[in-house]
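Let me begin by presenting the structure, written as structure tokens, before commenting on it.
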Amino acid sequence: EAGVTQFPSHSVIEKGQTVTLRCDPISGHDNLYWYRRVMGKEIKFLLHFVKESKQDESGMPNNRFLAERTGGTYSTLKVQPAELEDSGVYFCASSLRTGTGELFFGEGSRLTVL
Amino acid sequence: GQSLEQPSEVTAVEGAIVQINCTYQTSGFYGLSWYQQHDGGAPTFLSYNALDGLEETGRFSSFLSRSDSYGYLLLQELQMKDSASYFCAVRDKGNTPLVFGKGTRLSVIA
């Protein structure tokens with residue numbers, strides 16, 4: 001069974017540009033989460049999908065971030081326009097059940113904004 | 001909201017035992033999880049405690065005391081491959097997000 005896959009693994013863009021990150025969860029996992037880790041800090045929650053619906057987007061920093069999960073399968077996270085403080089590693093995770101303590105993470109997409 | 005405290009770094013000798021502590025403050029409590037992350041890799045689930053006591057999985061054990069808002073991860077017979085970052089994470093309700101601490105970087109030395 002394939003795990004959570006994320007693309008790209010690393011992206012370097014200039015301030016003001018747009019980047020779209022993609023996440024493919026484990027097949028059959030209705031719950032999909034986006035997290036972000038900035039250097040040395042906690043893995044911070046961004047948002048949670050249940051199927052194609054946004055269950056909780058309280059962690060999204062501002063309206064430059066847009067997440068979608070069309071059809072309830074893969075998800076995209078778009079940052080537009082990117083700012084320097086958006087640099088970090090963006091993790092996607094999925095789970096079979098809501099409210100579980102066990103999430104399955106991807107290896108992350110490292111975003112560097114210059 | 002929730003907050004978690006764990007040491008930023010721990011160093012231990014190969015073959016030894018190390019304990020990584022985690023204290024938390026939450027409005028409710030729905031369980032404490034532990035994750036391991038090697039540099040450049042995915043955070044990987046290690047354990048979950050919803051009730052007080054010790055859970056053992058091979059060389060790793062996790063303990064929870066809900067009355068003290070405290071838990072720890074115990075790693076025995078340390079191996080070099082255990083060098084990684086370890087995160088505790090809590091959820092205060094069933095439908096709220098899993099909140100992570102800042103992580104403890106464990107270095108295992110020969």
Side-chain angles (χ1 to χ4, degrees), chain A residues 2-10 23-26 29-50 53-61 67 88-112, chain B residues 1-9 22-51 55 57 60 62-64 66 71 73 84-105:
Chain A
V4 177
T5 57
Q6 294 187 242
F7 182 84
S9 57
H10 193 183
C23 169
D24 286 79
I26 292 173
H29 282 195
D30 288 340
N31 295 276
L32 186 148
Y33 312 81
W34 283 98
Y35 283 83
R36 174 173 73 175
R37 189 175 192 211
V38 176
M39 182 70 75
K41 298 193 175 180
E42 69 270 28
I43 300 174
K44 192 169 167 129
F45 170 79
L46 296 178
L47 89 160
H48 170 206
F49 284 100
V50 177
S53 299
K54 291 177 185 174
Q55 175 81 10
D56 183 344
E57 52 184 330
S58 61
M60 294 287 265
V89 181
Y90 289 78
F91 290 103
C92 176
S94 71
S95 69
L96 192 57
R97 295 180 293 116
T98 303
T100 178
E102 181 177 8
L103 304 185
F104 296 83
F105 279 83
E107 294 193 344
S109 291
R110 179 176 294 277
L111 174 63
T112 303
Chain B
Q2 306 106 67
S3 67
L4 299 99
E5 292 289 332
Q6 52 181 129
S8 58
E9 293 183 3
C22 174
T23 56
Y24 59 86
Q25 288 187 323
T26 58
S27 54
F29 182 76
Y30 208 75
L32 178 70
S33 300
W34 287 94
Y35 286 77
Q36 176 192 60
Q37 185 191 16
H38 287 99
D39 286 345
T44 304
F45 173 79
L46 293 175
S47 68
Y48 174 73
N49 295 68
L51 303 175
E55 297 277 345
T57 308
F60 293 4
S62 58
F63 172 82
L64 174 66
R66 288 175 299 170
L73 181 69
S85 291
Y86 292 84
F87 295 87
C88 58
V90 294
R91 191 191 298 274
D92 64 353
K93 296 176 188 174
N95 60 353
T96 56
L98 199 58
V99 174
F100 287 79
K102 292 184 179 181
T104 298
R105 186 166 187 85

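These numbers come from a predicted model, not from an experiment.
- The heavy-atom pair separating A:Phe105 from B:Pro43 by the smallest distance is CB-O, 3.3 Å.
- Note on B:Trp34, B:Phe87, B:Tyr30, B:Tyr48: by heavy-atom pairs under 4.5 Å with chain A, the leading option is B:Phe87.
- Across all non-hydrogen atoms, the minimal contact from A:Ile43 to B:Phe100 is O-CB, 3.4 Å.
- Using a 4.5 Å cut-off between heavy atoms, A:Tyr35 touches chain B through its side chain atoms alone.
- Residues of residues 93-100 of chain A lying under 4.5 angstrom from chain B, judged on non-hydrogen atoms, are A:Thr98, A:Gly99, A:Thr100 by number.
- Between the CG atom of B:Leu98 and the CD atom of A:Glu102 there is a distance of 11.0 Å, given to the nearest 0.5 Å.
- Contact count against chain B (heavy-atom pairs under 4.5 Å) is highest for A:Gly106 among A:Gly108, A:Gly106, A:Ser9.
- Taking a 6.0 Å sphere around NZ of A:Lys41, one finds it holds 12 or fewer heavy atoms contributed by other residues, nucleotides or ligands.
- Summarising the geometry of B:Gln37 relative to A:Arg37, their closest heavy-atom pair is OE1-NH1, 3.9 Å, with the distance given to 0.1 Å.
- Contacts with chain B were tallied for A:Leu103, A:Val4, A:Asp56; A:Leu103 has the most, counting heavy-atom pairs under 4.5 Å.
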